[in-house]
Amino acid sequence: MEVSVAQKQKQTDFELASVSELSSSSSTPPPSPVVARFGFDSGASVLRFHRDSESNEAFHIDLRSAQLFRLSPVETICICGTSETNTEKSYSRGITIQFRKEEESRAFHCAFDQWKKELVLQESCLPNGILSASKSKFDDKIEASSAKMYFHYYGQLLHQQNMLQDYVRTGLSPRFNLFFASDLVVGTYYAAVIENRADFAGRVVVDVGAGSGILSLFAAQAGAKHVYAVEASEMAEYARKLIAGNPSLGQRITVVKGKVEEVELPEKADILISEPMGTLLVNERMLETYVIARDRFLVPDGKMFPTIGRIHMAPFSDEYLFVEMANKALFWQQQNYYGVDLTPLYGSAFKGYFSQPVVDAFDPRVLVAPAISHVINFTSIKEEDLYEIDVPLKFKAAVGGRVHGLACWFDVLFNGSTVQRWLTTAPGAPTTHWYQLRCVLPQPLYVMQAKMWGPGAEQGGILQASSCKFDLKEPYYRMSQPQAYPVAQDQPTHHLVNTQDIQTQSLDEEVSEFLQQPPQKSDAGLD
């Protein structure tokens, strides 16, 4: 990344009595007066030592690996790293610097410390921020290939359009693009921002993972003093175009291309806004970036939109889905596939298909027990607490039948000062691009009158067990609309959970409870 013109002109010169390299296998010119110059080379901060003519360069030091050690008031040793060309061997290089006066020595050390502090990390200036070239926390956590694929995906307009056309998410009518969607939609970004103008008016806002910049434009509409739209993918260029095309709002929006873990902003934010949710809320690990942005950019007691997230889980019974999953592996039961017996791989294929979480929309009537919830408070959770999430489960089913797995969805709260809004992905609510997620067990569990029973176990006796590991990175995108399942005459209808219950379980009176109390843990098990 190129260095700005202002940085190139920022050079500091010091006249030295002499500079000589410590003993090495190579011959070193005799000590002589030189000029030390701090500057840049291909974006990296360096220290050059010139003799009488600048065209005759004696030493070239990369400040990232350099250290100074005083030997006397007018003598210093500079130690830096170096390596042999075309080899992997690395060495330390020592240079003796002789000053003419003690005052010049102090000034040189002061300048060295300042350059090390500001430039040693090879920072490259962005139009409205600084992107460090050093390895960041993001690089430590995420594989380079995975990050490249992720940013490439979200750098394409077609995927941004998919999200913008999610009317539950933006709160805009699909037909007119002006009016709010149905009142049945429990919260939208546009509604959350515009109805809480008091939280945005005159405030500094950071849009974390800004994408196309639409949320930044919403914040500007609500009267934000300035919005910093931070986006790491190539979508940042499209965001600049979109924002420039809305000049009345764009004059208060700055697009900063770079990772949240690396960029520096000129001021703190009063409020963060982001869409950090993935499938099952936590997929894609954007929540960690959202929390890092909080720790880096947000003022104490600043607001976060969204404020709280909840993951909901409930057992479900869906014979059609189970049979569909099981049938996928039937291909590997062929004993004569062009003369080849495929059955040795049947068990692995069966296990593989059931390790895929199913992403689709389902009828809430397939749920056989009320959901339990796991609360994540974005304003207080630590980043490391998101690395591994343990949710104890305990359910009671009042009807008999087969439990085929665990159904999951999430919602988030925008805890505005004026209006508190929920965005939900619950079954029965307007479908979003997140849909819902179901983890299907390879062996269904039998439930009868709140007891577990099945082959080999006395009714009301030993609990059955069925387990499976699911990979969120490899889901099965079924994405069907909810189906009306026919109910057999001898099969009771599930009356435990209905659509209205799910949609209203996030009523606004619950907000203060979840903000003030930690989530309650329950014992593991299925009664």
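Only this structure's heavy atoms are used, side chains among them; waters, hydrogens and symmetry mates stay out.
Between the side chain of D270 and the backbone N or O of G302 there is no donor-acceptor pair closer than 3.5 Å. Although no hydrogens or angles enter the test, the distance criterion places a donor-acceptor pair under 3.5 Å between the side chain of Q436 and the main chain of T425. At distances below 3.5 Å, not a single donor-acceptor pair connects side-chain atoms of D13 with backbone N or O atoms of R37. Without hydrogens or angle criteria, R70 side chain to S105 main chain gives no donor-acceptor distance under 3.5 Å. Although no hydrogens or angles enter the test, the distance criterion places no donor-acceptor pair under 3.5 Å between the side chain of R197 and the main chain of G223. Counting only distance, with no hydrogens or angles, the side chain of R310 and the backbone of S373 share no donor-acceptor pair below 3.5 Å. Here the side chain of E231 pairs a donor or acceptor atom with the backbone of A210 at under 3.5 angstrom.
Between F14 and F108, the angle of the ring planes goes over 60°, which puts this pair in the perpendicular group of the 30/60° scheme. Taking the six-membered ring for Trp and thresholds of 30 and 60 degrees, W434 and F410 have ring planes more than 60 degrees apart, a perpendicular arrangement.
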L472 and L437: side-chain contact (heavy atoms from CB on, under 4.5 Å), yes or no, with the steps?
CA-CA 10 Å; L472 279 176; L437 183 143; 3.6 Å; yes
Can you check side-chain contact (heavy atoms from CB on, under 4.5 Å) on V193 and L215, steps first, answer last?
CA-CA 9 Å; V193 173; L215 298 185; over 6 Å; no
Decide yes or no on side chain to side chain donor-acceptor pair (under 3.5 Å) for T289 and E261, but give the supporting numbers first.
CA-CA 7 Å; T289 297; E261 294 83 354; 3.1 Å; yes
Could you give me the CA-CA distance, side-chain angles and deciding distance for H109 and R106, then say whether side-chain contact (heavy atoms from CB on, under 4.5 Å) is met?
CA-CA 5 Å; H109 277 264; R106 286 198 298 265; 5.8 Å; no
Check against side-chain contact (heavy atoms from CB on, under 4.5 Å), Q420 and L413
CA-CA 7 Å; Q420 294 164 331; L413 166 69; 4.2 Å; yes
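For the side chain to side chain donor-acceptor pair (under 3.5 Å) test, residues two or more places apart in sequence or in another chain that qualify with E237 are R240.
With hydrogens and angles left out, the side-chain atoms of E383 and Y387 include a donor and acceptor closer than 3.5 Å.
Residues M286 and S274 come closest through the heavy atom pair CE-OG, 4.1 Å. Heavy-atom minimum distance, T307 versus M304: OG1-O, 2.7 Å. The shortest heavy-atom contact between G213 and A239 is N-CB, 4.1 Å. In terms of heavy-atom proximity, R252 sits nearest to A224 at NH1-O, 2.6 Å. Contact between F49 and L47 at its shortest, heavy atoms only, is CZ-CD2, 3.5 Å. For the residue pair V260 and A293, the shortest heavy atom distance occurs at CG1-CB, 3.6 Å.
Salt bridge status for E104 with K101: absent, with no side-chain N to carboxylate O gap under 4.0 Å.
Side-chain atoms of S417 and K303, non-hydrogen and from C-beta on, do get closer than 4.5 Å to each other. Inter-residue side-chain proximity for I194 and F218 is flagged as unmet; no heavy-atom pair is nearer than 4.5 Å.
Of the residues Y290, Y189, F200, the one that meets the ring pair (Phe, Tyr, Trp, His ring centres under 6.0 Å) test with F305 is F200. Under the side chain to side chain contact (heavy atoms under 4.5 Å, CB included) test applied with I253, the options D207, V205, V227 reduce to a single match, V227.
Within 6.0 Å of CD in E267 there are more than 12 heavy atoms belonging to other residues, nucleotides or ligands. Around CD of E474, the count of heavy atoms belonging to other residues, nucleotides or ligands within 6.0 Å does not exceed 12. A 6.0 Å sphere centred on CG of D301 holds no more than 12 heavy atoms belonging to other residues, nucleotides or ligands. In the displayed structure, K241 atom NZ is contacted under 6.0 Å by at most 12 heavy atoms of other residues, nucleotides or ligands.
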